[in-house]
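Right, one structure below, let's go through it.
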Amino acid sequence: MAVLGERAVVLGSSMAGMLAARVAAEHYRTVTVIDRDMPPAQPLNRRGVPQGRHGHVLQAGGAAVVDELFPGILAELAADGSPVWDDGDLARVLLEYGGHTFVRSGRMAGLTASYLPSRAFLDWHVLQRLSMLPNVTVLGGHDVVGLTSSQDSRRVTGVLLAGRDVATNSVLGADLVIDATGRGSRVPFFLEQLGFDPPTEDELVVNLAYTSQWLQVAPGAIAEHMVAMFPRPGDLSTVALIGHENGSWLMTVGAMAGQQPADSFADMLVIALRRVPAHIRAALLDAEPVGKTAHYRVPSSRWRRYDRLVRFPDGLVVTGDAVCSFNPIYGQGMSVAALDAVALRRCLHRGDRDLPHRFHQASAKAIAVAWRSAVNADLALPEVAGQRPIGTRLSIRFLDRVLTAIETDQVVAEQFFRVTGMLDAPTRLMRPSILARVLRANLARPRPVEQPELSLAG
Ligand SMILES: Cc1cc2nc3c(=O)[nH]c(=O)nc-3n(C[C@H](O)[C@H](O)[C@H](O)COP(=O)(O)OP(=O)(O)OC[C@H]3O[C@@H](n4cnc5c(N)ncnc54)[C@H](O)[C@@H]3O)c2cc1C
């Protein structure tokens, strides 16, 4: 593979940074990954990834990319204790989406296996594989405090680092800097320092508060691999219960758009017991909390539009949550980071000329699909404030019809899983064969009275 430069520096060693580093290692003689945190010696939650204490699902589309970049890693996760949902048995997942409960009998023959490692377990496995690459170094204990540039500021030439333990500043030169420092990325500020405009932002305020608790659940008390109850009009709570490695269970409860968040495990139970069916209620009432309750707030879904900037310095690209962070209830962030890595790989295969522009355009295509689906799902909730132009209202209405069909039709359910799992484009739901099934299911079911917010009138 063509060598494009001596050194690439990746800022941030979380999912987006690790996958980007793996891709950069194909084209740069050395890759240095910088993080505030030291690389963990075992699976554990890092300070720099506080969201890792909360329910994380790696969608099938993201898992496929991770396995392509690190062949065999999914099998390693399973061998080390991660549960795998590989038989498509619909009784093994309980999902309620927009007030519709997925069909619970039968098998989805064509669905790819889903792996259910906890976030810390997944990241640690990816880090192990990344660290095995001979030209990659992970350098912890350093804060990224600035970018260096050529005299005319047209090219980023490296990063300014501050040591965490020893208060020293140093400069690390780079032919390519990849920013993957997450939602708090300071690239907009660094751009202004270099004389460039910062990106504009698209934003939908969701005011989500997550509360999570590890649980000890009696073996076999929950037959499902995963339970996920998404917000529905009139009740903006989310309840997720995920069976992770080695029999551990993580419960996450969310409250959106001003709904009262859970402070304690007792509060979480009140919300969860309201949402889940009787057999899960019984298991939860018997479960023992393990460790402390964790909290996290996400104010909004936010997309920094680097793809729209006309002027941007060479030698710098931005990826992952640093570009777009979503309402996490839809579990998209890591998979979008994976699709970003694929886009970066394709762009680097064609050389580094005009790389920032080409990459930001390419990654925006994957982001746009995930963004529209998350934003439309949020706007389907009348309580979420935001513009609902005609196209959005039509999409919301169509989604509701599809979800109605999912209550009874395995084929539609499978197609929906493939779309939300980022394996297929949303347009696959509009194939005539699927539309016919959606129509049949909706005709067979009496419809409730429409809510005015979702009406097409006006
Ligand atoms: C509560 C919650 C639940 C989520 N659930 C899911 C889910 O179920 N499925 C899913 O796919 N996604 C989920 N996500 C999104 C997912 O966590 C992110 O998309 C994913 O971590 C990729 O983010 P990232 O690597 O871009 O940034 P981050 O994960 O935020 O990592 C940023 C890294 O940069 C480092 N860093 C930051 N600033 C500096 C600096 N100045 N100097 C040095 N190092 C720095 C940090 O230490 C960290 O390692 C969830 C997010 C949240 C908030």
Side-chain angles (χ1 to χ4, degrees), residues 9-21 32-40 45-63 65-66 114-120 122-123 126-127 138-147 159-164 172 178-187 189-190 206 208-212 226 228 238 240 242 244 250 252-254 294-302 304 318-341 363 367 370 374 420-422:
V9 172
V10 179
L11 315 181
S13 67
S14 180
M15 192 54 75
M18 290 192 289
L19 299 181
T32 308
V33 184
I34 310 288
D35 208 287
R36 289 178 171 143
D37 293 340
M38 296 306 289
N45 288 306
R46 288 198 288 113
R47 239 182 117 163
V49 189
Q51 74 270 30
R53 297 174 193 278
H54 300 268
H56 266 72
V57 171
L58 178 63
Q59 303 290 354
V65 172
V66 174
S114 294
Y115 294 77
L116 294 160
S118 68
R119 179 64 201 266
L122 172 65
D123 279 21
V126 176
L127 180 66
V138 181
L139 178 65
H142 285 81
D143 272 313
V144 176
V145 292
L147 298 176
V159 286
L160 190 58
L161 303 178
R164 291 218 124 191
L172 191 60
I178 302 173
D179 178 66
T181 51
R183 189 174 169 115
S185 159
R186 298 186 68 212
V187 165
F189 170 70
F190 297 154
V206 291
L208 175 77
Y210 257 13
T211 315
S212 293
M226 182 171 68
T238 301
I242 310 171
H244 285 311
L250 181 62
T252 292
V253 164
H295 301 270
Y296 198 98
R297 282 181 186 267
V298 179
S300 62
S301 291
R302 193 192 65 196
R304 286 181 164 157
V318 190
T319 183
D321 280 23
V323 179
C324 189
S325 60
F326 301 89
N327 180 345
I329 63 174
Y330 306 111
Q332 297 165 309
M334 293 189 293
S335 293
V336 171
L339 296 176
D340 273 359
S363 95
I367 292 171
T420 53
M422 298 190 199

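Whatever order the structure lists them in is the order used to number ligands and atoms, beginning at 1.
- Although no hydrogens or angles enter the test, the distance criterion places no donor-acceptor pair under 3.5 Å between the side chain of Asp37 and the main chain of Arg46.
- In the vicinity of Ala180, heavy-atom distances shorter than 4.0 Å reach the ligand 1 atoms 32 (C), 33 (C), 34 (O).
- Among Asp321, Val159, Asp35, the residue whose heavy atom lies closest to atom 22 (C) of ligand 1 is Asp321.
- Side-chain N or O atoms of His54 include none that pairs as donor or acceptor with a backbone N or O of Gly52 at under 3.5 Å.
- Between Gly17 and ligand 1, a contact under 3.5 Å exists for no N or O pair.
- Scanning both residues, Gly320 and Asp340, for their nearest heavy atoms gives N-OD2, 3.0 Å.
- At least one donor-acceptor pair closer than 3.5 Å links the side chain of Gln59 to the backbone N or O of Gly331.
- Between the choices Gly182, Gly61, Ala370, Ser13, the shortest heavy-atom distance to atom 27 (O) of ligand 1 belongs to Gly182.
- Of all protein heavy atoms, the one lying nearest to atom 42 (N) of ligand 1 is Val144 N, 2.9 Å.
- Listed by number with element, the atoms of ligand 1 under 4.0 angstrom from any heavy atom of Arg119 are 16 (C), 17 (O), 20 (C), 21 (O).
- The contact set between ligand 1 and Gln332, taken as ligand atoms under 4.0 Å from a residue heavy atom, comprises 10 (C), 11 (O).
- Scanning all heavy atoms of the two residues, the minimum distance from Cys324 to Ile367 falls at SG-CG2, 3.7 Å.
- Among all protein heavy atoms, the one lying closest to atom 2 (C) of ligand 1 is Pro328 CB, 3.5 Å.
- Checking side-chain atoms of Asp143 against main-chain N and O of Val145 turns up no donor-acceptor pair under 3.5 Å.
- In the model, His244 has no side-chain atom that pairs as donor or acceptor with a side-chain atom of Ser118 under 3.5 Å.
- Every atom of ligand 1 is numbered from 1 in the order shown, and the set under 4.0 Å from a heavy atom of Val57 is 7 (C), 8 (O), 9 (N), 10 (C), 11 (O).
- Judged by the shortest distance from any of its heavy atoms, His142 lies inside the 4.0 Å radius around the atoms of ligand 1.
- The two residues Ile242 and Gly55 have their closest heavy-atom pair at CD1-CA, 4.0 Å.
- Proximity of Ser325 to ligand 1, defined as any heavy-atom pair under 4.0 Å, is not found for any part of the residue.
- Assignment of Asp143 to the shell around ligand 1 is supported, since a heavy atom sits closer than 4.0 Å.
- Which of Gly55, Gly331, Gly140 comes nearest to atom 5 (N) of ligand 1 through a heavy atom is settled by distance: it is Gly55.
- The N/O atoms of Thr319, backbone and side chain alike, include none that comes under 3.5 Å of an N/O atom in ligand 1.
- Close N/O approach between Tyr296 and ligand 1 is not found [any backbone or side-chain N/O within under 3.5 Å].
- Counting only distance, with no hydrogens or angles, the side chain of Thr319 and the backbone of Ala180 share no donor-acceptor pair below 3.5 Å.
- No donor-acceptor pair under 3.5 Å is formed between the side chain of Ser185 and the backbone N or O of Ala322.
- The Arg46 neighbourhood of ligand 1 comprises atoms 47 (O), 49 (O), with distances under 4.0 Å to a heavy atom of that residue.
- Of all protein heavy atoms, the one closest to atom 31 (O) of ligand 1 is Ser14 CB, 3.0 Å.
- Within ligand 1, the atoms closer than 4.0 Å to a non-hydrogen atom of Gly320 are 26 (O), numbered from 1 in the order shown.
- With atom 37 (C) of ligand 1 as the reference point, the heavy atom nearest to it among Val145, Thr181, Leu161 is part of Thr181.
- Interface of Ala16 with ligand 1, defined as ligand atoms under 4.0 Å from a residue heavy atom, comprises 24 (P), 25 (O), 26 (O).
- Without hydrogens or angle criteria, Arg302 side chain to Arg183 main chain gives a donor-acceptor distance under 3.5 Å.
- Given atom 52 (C) of ligand 1, the protein heavy atom at minimum distance is Gln51 CB, 3.4 Å.
- Near Tyr210, meaning under 4.0 Å from any of its heavy atoms, are these atoms of ligand 1: 1 (C), 3 (C).
- With 3.5 Å as the limit, one finds a donor-acceptor pair spanning the side chains of Arg119 and Ser14.
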